[in-house]
Amino acid sequence: MEKPTDQTAILMNRLQEREREQTLIMSICSALSKALTKEEFDHVISSVLKDEFSFDDFILASADENETEYHIFYQFLQKNSKSKNLTIKDGFFDLCMDSADTVVFDLNTLNGKKIPEPINLPNNKGFKNGIGICLPYIKGNRNVLFLFFKNAKTFSRESNRIIRGIAMQLSITVRNIILTQEYESKIDVLSKSKINPPEENKEPIIKNEGFHGIVGNSDAMQNVYELISQVASSQSTVLISGETGTGKELVASAIHNLSLVSNKKMVKVNCASIPENLIESELFGHEKGSFTGALETRIGKFEQAENSTIFLDEIGEMPLELQGKLLRVLQEKEIERIGGKNTIKVNVRVIAATNRLLEKEVAEGRFRSDLYYRLNVFPIPLPPLRDRAEDIVVLGNFFLEKHSNKINKKIKGFSKKVLNSMTANAWPGNVRELENMVERSILFAKDETIKEMSFPEIFKTESTASENEFYIKTLQEIEREHILKVVKKCNGRISGPQGAAVLLDLPGTTLISKMQKLGIKKKHF
């Protein structure tokens, strides 16, 4: 009778271990997805991967798909050393060139193949063990990771699973950093030659008329404008995240309008507004007679967006069974119409948006992890309006002018009382709610100044002379303040026995991921 109980316990332990691994993989991938510079990449390697894999050196070699040599993209022990090239022609990298998936191999059992310099480190640095990882191929780059250890321990099965889980995101992060470097290099060359850069490459100077339709002068929005400018000219997939009403569609339009295909129409799809039984036909089309009611051939949204941009709004609402087909489009750049026999190649740039926390959706099994990684090539998180309070008055005046002209009613401005109340309000509906409130106030206004604005009772806050009497804080804000307080108490140390993670009873990687989501940066502590 003991055996079933023992087997159940073993099974439960294995399930718990796998759940821990998946959480760790998600946390690491989230941290890597936010790294756009080598400095940020080094921070993730030093503070997250070093703790997890306990390596003594970490070398990442990269090659453009059209190059004949790999070069050292990053080395943990020699971060500032000059990049060295490694030849592809000698056969060492054949294994990686021939595979599109992750391949893990032991450097100590290479059947006589010579490890190219400067990767041949075990002989001269006292390392006893080395692992090579061919990262998955992505368009534009091939990457190989090398981990070296001074002890003779073997690479565990758990470590093998984790490295495979983060391998795709590692490749994507390297590509993002390379694209960022190329962008900054072009701007530098243009600046030195005193040539005005194209409009999409200029440092955004934001006035009240906005940045390509987006209004706001705050530091938080300046960061968003910079991200838009960085990614617009590329073909990279973009994932825009933020609460409802933060302007995700405006950001998608700005990216398209600054892209190389701005002369073509961007195709928009709201995944939440289409019935589940029709969304596949809407996206991919169908052939005549493929199902009851299919009286003629329908061209789907992806075909309509050929050589242009498709915007998939509310991507978190997409049915699970359809997510696999979307993944194929992103990977293979081809679709099949419902009832069709042939595959159709498509050249479409995908921008997706969601107000859901996709990491949580993945963890709870409602969103495919492989699709999430494919979408999250270039993430753009949008701040809620309460985190950019300095923009509220600017937005209020913008909407006042817009709707006054539309309604043909002469309104000159807001009273001081209304401006104070607007600034103090929490705005759970963000910019969309603010616009609706301004339009409503114009309709009710009896003279040239808006002297009253009626806020929903549940969100109402009183404006007083005290700077501390603002709106009720959200759980996210309370969590941010608490984490920041603990990190300051630990003098900025995150991991280790004296780190904030111990006091908060969290894994170091989870804490770092939380800090990044909450916008906590080193300068804050």
Do Ser253 and Lys268 pass the side-chain contact (heavy atoms from CB on, under 4.5 Å) test, and can you show the C-alpha distance, the side-chain angles, and the key distance before you say yes or no? CA-CA 10 Å; Ser253 296; Lys268 302 176 183 178; 4.0 Å; yes
Evaluate the criterion side-chain contact (heavy atoms from CB on, under 4.5 Å) for residue pair Ile315 and Leu326; output intermediate values, then yes/no. CA-CA 11 Å; Ile315 190 69; Leu326 177 59; 3.7 Å; yes
Determine, stepwise, if the pair Ile335 / Glu303 fulfils side-chain contact (heavy atoms from CB on, under 4.5 Å). CA-CA 9 Å; Ile335 64 167; Glu303 286 185 79; 3.6 Å; yes
Any chance you could lay out the side-chain contact (heavy atoms from CB on, under 4.5 Å) test for Glu361 and Thr354, step after step, and finish with the verdict? CA-CA 11 Å; Glu361 297 296 303; Thr354 181; over 6 Å; no
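No donor-acceptor pair closer than 3.5 Å links the side chain of Arg337 to the backbone N or O of Gly300. Under a 3.5 Å cut-off, the side chain of Lys248 and the backbone N or O of Gly242 do form a donor-acceptor pair. For the pair Asn270 (side chain) and Glu314 (backbone), a donor-acceptor distance under 3.5 Å is absent. Formation of a donor-acceptor pair under 3.5 Å by the Lys50 side chain with backbone atoms of Phe55 is found in this model. In terms of modelled atom types and a separation under 3.5 Å, the side chain of Ser30 and the main chain of Met26 share no donor-acceptor contact. Side chain of Thr173 to backbone of Leu32: a donor-acceptor contact under 3.5 angstrom is found. In this structure a side-chain-to-backbone donor-acceptor pair under 3.5 Å is present from Ser259 to His256. Under the 3.5 Å distance criterion, the side-chain polar atoms of Ser281 are left unmatched by any main-chain donor or acceptor of His286.
Salt bridge status for Glu17 with Arg161: absent, with no side-chain N to carboxylate O gap under 4.0 Å. A salt bridge links Arg356 to Glu317: one of the charged nitrogens lies within less than 4.0 Å of a carboxylate oxygen.
When all heavy atoms are compared, the tightest approach of Ile177 to Ala35 is CG1-O, 3.8 Å. Across all their heavy atoms, Arg366 and Gln323 have their closest contact at O-NE2, 3.4 Å. Between Lys38 and Phe73, the closest heavy-atom pair is NZ-O, 2.7 Å. Taking all atoms of both residues into account, the shortest heavy-atom contact from Val44 to Ala31 is CG2-O, 3.8 Å. Taking every heavy atom of both residues into account, Ser54 and Phe149 meet most closely at O-CD2, 3.6 Å. Contact detail for Phe311 and Ala352: the closest heavy-atom pair is CE1-C, 4.4 Å.
Between Leu330 atom CG and Arg374 atom CZ the span is 7.5 Å, to the nearest 0.5 Å. Interatomic distance, Glu332 CD to Thr343 OG1, rounded to the nearest 0.5 Å: 10.0 Å. Between Trp427 atom CH2 and Thr246 atom OG1 the span is 15.0 Å, to the nearest 0.5 Å. Here the CG-NZ distance, from Asn176 to Lys34, works out to 12.5 Å after rounding to the nearest 0.5 Å. If you take CD1 on Ile483 and CG on Leu503, they are separated by 12.5 Å, rounding to the nearest 0.5 Å. A distance of 9.5 Å separates CD1 of Ile45 from CZ of Phe53, quoted to the nearest 0.5 Å.
At least one side-chain heavy atom of Ser46 sits under 4.5 Å from a side-chain heavy atom of Phe76. For the pair Leu227 and Leu36, the minimum side-chain heavy-atom distance is below 4.5 Å. Side-chain contact between Val377 and Leu239 is absent, with no heavy atoms from C-beta onward closer than 4.5 Å. The shortest side-chain heavy-atom distance between Val329 and Val348 does not fall under the 4.5 Å cut-off. Side-chain contact check for Leu504 versus Lys514: every heavy-atom pair is 4.5 Å or farther apart. Contact check for Asn376 versus Leu358: no side-chain heavy atoms found under the 4.5 Å cut-off. Looking only at side-chain heavy atoms (C-beta outward), Ile163 and Leu145 come within less than 4.5 Å of each other. Between Phe367 and Leu375, the closest side-chain pair of non-hydrogen atoms falls below 4.5 Å.
Ring geometry for Phe148 versus Phe146: interplanar angle under 30°, hence parallel rather than tilted (30 to 60°).
Scanning for side-chain hydrogen bond (donor to acceptor under 3.5 Å, both in side chains) contacts around Lys345 gives Glu334, with sequence neighbours left out.
With Phe302 as the aromatic partner, Lys333 does not meet the cation-pi criteria of under 6.0 angstrom to the ring centre and within 45 degrees of the ring axis.
For the residue pair Arg432 / Thr244, a side-chain donor-acceptor distance below 3.5 Å is found, with atom types taken as modelled.
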